[in-house]
Every structure is written in C-alpha cells, then in structure tokens.
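One structure is given below, encoded as structure tokens.
Positions are given from 1, in the same order as the sequence printed here.
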Amino acid sequence: MGDRLGTPALLSDWLFTSAFGVYMLAALLCSAEYALTRHAAHPPAFAVRLGRSGVALTVLGALLHLGSVVLRGVATGRVPWGNMYEYLSAVGLVAVVAWVYVVSRYDMRRMSVFVLLPIASLLFLAGNRLYAEAAPLVPSLRSYWIIIHVAAAIMASGVFLLSGVVSALHLASSGEFRRTRGSGPSRRLPPVDHLDRIAYRTGTVGFLTLTFAIITGAVWAEQAWGRFWGWDPKETVAFVSWVCYAAYLHARATAGWRGRRSAWLNVVGMVVVLFNLFFVNLVAVGLHSYAGVD
C-alpha cells in the first residue's frame with residue numbers, strides 16, 4: 001500500500017495491517033477457548049487464559065486501528081472517512097470498540113471469535129479490494145456536514161453490525177438449546193435472553209444514531225442539491241434500513257414477537273445495512289456514487 005503523502009500515510013497503512021493481524025490472532029485465541037470449553041462443565045484454566053489473552057489482543061488491535069484512522073486524517077488534513085476504504089475501516093473500529101465494551105460488561109468473551117471474524121473480513125476487503133491512497137476530499141464532499149452526518153452513519157453501521165451478529169448468535173444458540181435440551185454444549189453458550197438483551201440495547205443505540213444520520217443527511221442534501229429528500233438509491237436503502245430497525249425495536253417490545261422472531265428482523269436489518277455499504281455505494285448509480293472506491 002504505497003502512498004504519496006508521506007510518513008503519516010505510510011504509518012497509517014502499517015498500523016491498519018498490524019491491527020488486522022492482531023484481530024486475527026485474537027480470533028484464533030478466542031476460538032481456541034470456545035473449542036476447549038464448549039463441551040466442558042468447568043472451563044480449563046488454560047482455556048480461560050487463552051480467552052483473556054484474546055480480549056487483550058483485541059484491545060491492542062483497537063488501539064493500533066485507532067492510530068491508523070487518526071494518522072490517515074493527519075496525512076490528508078481532513079476527516080479520515082472520505083472514501084470506501086476509510087469508511088469501512090472506521091466502521092470496523094466502531095464495531096470492535098463496541099464489542100470490547102460489551103465484553104467488559106457481560107460474560108460474552110467466548111463468543112468473541114464470532115464477532116471478530118466478520119469484522120476482520122470487512123477490514124480485509126477494505127484493505128485489499130477497496131484501498132485508496134490518501135488524498136484530499138473530492139469537491140462534493142467538502143462540507144462540515146461530512147464531520148457530523150458521516151460520523152453518525154459510521155457509528156450506526158458499526159453498532160448495527162455488532163447487534164446483527166449477536167442476534168445471529170441468538171438464533172444459533174436457541175436452536176442448539178432445542179436440539180441438546182440443556183446438555184453440555186448449550187451450557188457453554190450465552191443464555192438466549194442474555195443475547196437478546198445485548199442485541200436490543202445495541203440496536204437501540206444504532207437506531208437513534210441512524211435517525212440522526214438521516215436527519216443531518218437531509219439537511220446536507222438541501223444545502224448541496226436544493227432538496228431534503230430525493231429517493232436517491234442510498235437515501236432509499238437508508239430509509240428501508242430505518243424501517244427494518246424500527247420494526248425490530250417494536251417487535252422486541254411486543255410479547256408475541258420477542259425472541260427468535262425479533263432476532264430475525266435484526267439480522268434482516270444488518271443485511272440491508274451491508275447491502276447499502278457495498279451494492280449501493282459500489283454498483284448503484286446516484287448522487288452518492290462519489291462515495292465509491294476512490
């Protein structure tokens with residue numbers, strides 16, 4: 001990943017690659033803990049140490065990742081989310097930080113591998129297929145609204161990614177409970193209501209942030225294009241994702257839809273967010289096409 005803007009950009013690239021490697025090592029250690037404890041009534045001390053080391057490496061990777069994002073901004077003299085590479089890097093960082101917070105509050109360490117691998121895959125795609133050299137913003141993005149609107153969209157996307165993965169774990173966990181009827185493996189999985197609660201709380205944060213992002217995006221659109229809303233492909237899919245998460249939060253509050261039904265809605269919302277990230281940004285033609293690879 002060569003770069004023409006000097007040492008900060010080169011260091012940013014190096015830290016990004018290092019963070020990816022650390023995340024993969026953390027995922028390996030966490031997967032080893034999960035494998036060693038999944039069928040054990042009492043987790044071996046060695047496995048617990050592996051898991052704790054995996055979490056420590058996740059924190060280290062997040063610090064390296066943060067350094068990469070900050071140095072990218074220093075190298076370009078702007079906010080470090082002006083193209084798809086930078087945007088996905090920032091989304092991955094938000095997801096990792098949110099997961100570290102969840103692990104610090106809840107007994108979810110053994111599930112880290114299932115969160116770290118999707119995030120690492122996102123970063124691998126960003127660094128190898130969507131990488132763009134550090135450069136000034138394109139003219140259409142030179143507005144102070146990019147600091148507010150895009151930052152909110154990044155936070156919402158990262159939190160939704162985490163929330164969706166937790167709901168997917170909820171679906172897998174509840175299925176395993178039914179098959180094993182409380183045998184050894186199911187005891188090593190987090191309780192279904194535990195996963196449901198975490199998905200709901202993170203989904204609520206993401207929904208509020210997405211709402212703010214849509215509102216600020218509409219204000220920016222009025223300034224840039226003279227209208228608040230125009231059903232541009234990205235605007236349309238953003239609205240669809242907002243409806244999906246509104247339906248999820250409503251279903252979660254409805255007795256008959258709690259549990260697996262609401263978890264499925266959350267997973268569908270995550271799929272819509274990923275569709276917006278990749279298909280709409282990279283394939284669809286619209287006023288937001290400048291948010292593509294470069």
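- No donor-acceptor contact under 3.5 angstrom links the side chains of T58 and W99, judged on distance only.
- At least one side-chain heavy atom of W229 sits less than 4.5 Å from a side-chain heavy atom of I214.
- The distance from the CG atom of D196 to the OG atom of S262 is 5.0 Å, given to the nearest 0.5 Å.
- Taking the six-membered ring where tryptophan is involved, the planes of F279 and F275 are essentially parallel, since the angle between them stays under 30° and well short of 60°.
- Interatomic distance, CZ of F114 versus OG of S173, reported as 10.0 Å (0.5 Å rounding).
- A distance-only check finds no donor-acceptor pair linking the side chain of T216 to the backbone of I148 [under 3.5 Å].
- The environment of R142 atom CZ is dense: over 12 non-hydrogen atoms of other residues, nucleotides or ligands sit within 6.0 angstrom.
- Of the possible polar contacts, one joining the Y23 side chain to the G61 backbone as a donor-acceptor pair under 3.5 Å is found.
- Shown here for V267 and A168, the closest heavy-atom pair between the two residues is CG2-N, 3.9 Å.
- One N or O on the side chain of S31 and one on the backbone of L28 form a donor-acceptor pair closer than 3.5 Å.
- A donor-acceptor pair shorter than 3.5 Å can be found between the side chains of W145 and Q223.
- Cation-pi geometry between R252 and Y200 is met: the NZ or CZ atom falls under 6.0 Å from the ring centre, inside 45° of the normal.
- Linking Ile, Leu, Val, Met, Phe, Trp and Tyr residues whenever their side-chain heavy atoms come within less than 4.5 Å places I154 and F278 in a single cluster.
- For CZ of F46, the number of neighbouring non-hydrogen atoms (other residues, nucleotides, ligands) closer than 6.0 Å is 12 at most.
- Taking the ring centre of W264 as origin, the terminal cationic atom of R261 falls outside the region bounded by 6.0 Å and 45° from the ring axis.
- At least one donor-acceptor pair under 3.5 Å links the side chain of T236 to the backbone N or O of W231.
- Shown are L15, V97, L123; of these, the side chain to side chain contact (heavy atoms under 4.5 Å, CB included) with H65 is made only by L123.
- The heavy-atom pair separating A27 from L117 by the smallest distance is CB-CD2, 4.0 Å.
- Side-chain contact of S241 with N276: a donor-acceptor pair under 3.5 Å is absent, judged by distance alone.
- Distance alone, capped at 3.5 Å, is enough to place a donor-acceptor pair between the E235 side chain and the G230 backbone.
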Determine, step by step, whether L161 and V273 satisfy the side-chain contact (heavy atoms from CB on, under 4.5 Å) criterion, reporting the C-alpha distance in whole Å, the side-chain angles of both residues, the deciding distance to 0.1 Å, and the verdict. CA-CA 8 Å; L161 177 61; V273 168; over 6 Å; no
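- The closest donor-acceptor contact from the side chain of T209 to the backbone of V205 lies under 3.5 Å.
- To the nearest 0.5 Å, atoms CE (M155) and CZ (F212) are separated by 10.0 Å.
- In the hydrophobic cluster analysis, where Ile, Leu, Val, Met, Phe, Trp and Tyr join through side-chain heavy atoms closer than 4.5 angstrom, F124 is grouped together with V94.
- The shortest heavy-atom contact between A134 and T76 is CB-CG2, 3.5 Å.
- Atom OG of S167 is separated from atom CD1 of I198 by 10.5 Å, given to the nearest 0.5 angstrom.
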Walk me through it: do M270 and V165 pass the test side-chain contact (heavy atoms from CB on, under 4.5 Å)? CA-CA 8 Å; M270 180 183 67; V165 170; 4.3 Å; yes
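- When all heavy atoms are compared, the tightest approach of A75 to A9 is CB-N, 3.5 Å.
- A donor-acceptor pair is defined here as one N or O able to donate and one able to accept, closer than 3.5 Å; such a pair exists between the side chain of W81 and the backbone of I146.
- Inter-residue side-chain proximity for W220 and V150 is flagged as met; some heavy-atom pair is nearer than 4.5 Å.
- Here the closest non-hydrogen pair linking G269 and C244 is CA-CB, 4.0 Å.
- Hydrophobic clustering (side-chain heavy atoms under 4.5 Å, transitive across Ile, Leu, Val, Met, Phe, Trp, Tyr) groups F239 together with L210.
- Nearest heavy atom pair, residue H194 against residue D107, reads NE2-N, 4.0 Å.
- Within the 4.5 Å cutoff, no side-chain heavy atoms of V113 are placed close to those of E33.
- A salt bridge does not link R227 to E222: none of the charged nitrogens lies less than 4.0 Å from a carboxylate oxygen.
- The backbone N or O of D13 sits less than 3.5 Å from a side-chain atom of T17, completing a donor-acceptor pair.
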side-chain contact (heavy atoms from CB on, under 4.5 Å) between L60 and L57: does it pass, once the steps are laid out? CA-CA 5 Å; L60 174 61; L57 284 175; 4.2 Å; yes
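- L162 has its side chain within reach of V102: a pair of non-hydrogen atoms, C-beta onward, lies under 4.5 Å apart.
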Take V103 and S112 through the test side-chain contact (heavy atoms from CB on, under 4.5 Å) and record every step on the way to the result. CA-CA 8 Å; V103 170; S112 292; 4.2 Å; yes
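- Rounding to the nearest 0.5 angstrom, the gap separating the CG atom in L122 from the CG atom in L274 is 7.5 Å.
- Between the side chain of R260 and the backbone N or O of L171, at least one donor-acceptor pair lies under 3.5 Å.
- Proximity of the aromatic rings of F16 and Y85 is defined here by a centroid distance below 6.0 angstrom, and this criterion is met.
- Not one N or O on the side chain of S89 forms a donor-acceptor pair closer than 3.5 Å with the backbone of E86.
- Proximity of S163 to N266: side-chain heavy atoms (C-beta onward) are separated by under 4.5 Å at one or more points.
- Cluster membership for Y106 and V96, using ILVMFWY side-chain heavy atoms within less than 4.5 angstrom, is shared.
- Hydrophobic cluster membership differs between M111 and Y101, with clusters built from Ile, Leu, Val, Met, Phe, Trp and Tyr side chains linked at under 4.5 angstrom.
- Interatomic distance, CG of L88 versus CG of L93, reported as 12.5 Å (0.5 Å rounding).
- The aromatic rings of Y245 and Y248 sit perpendicular, their planes meeting at an angle over 60°, well past the 30° parallel limit.
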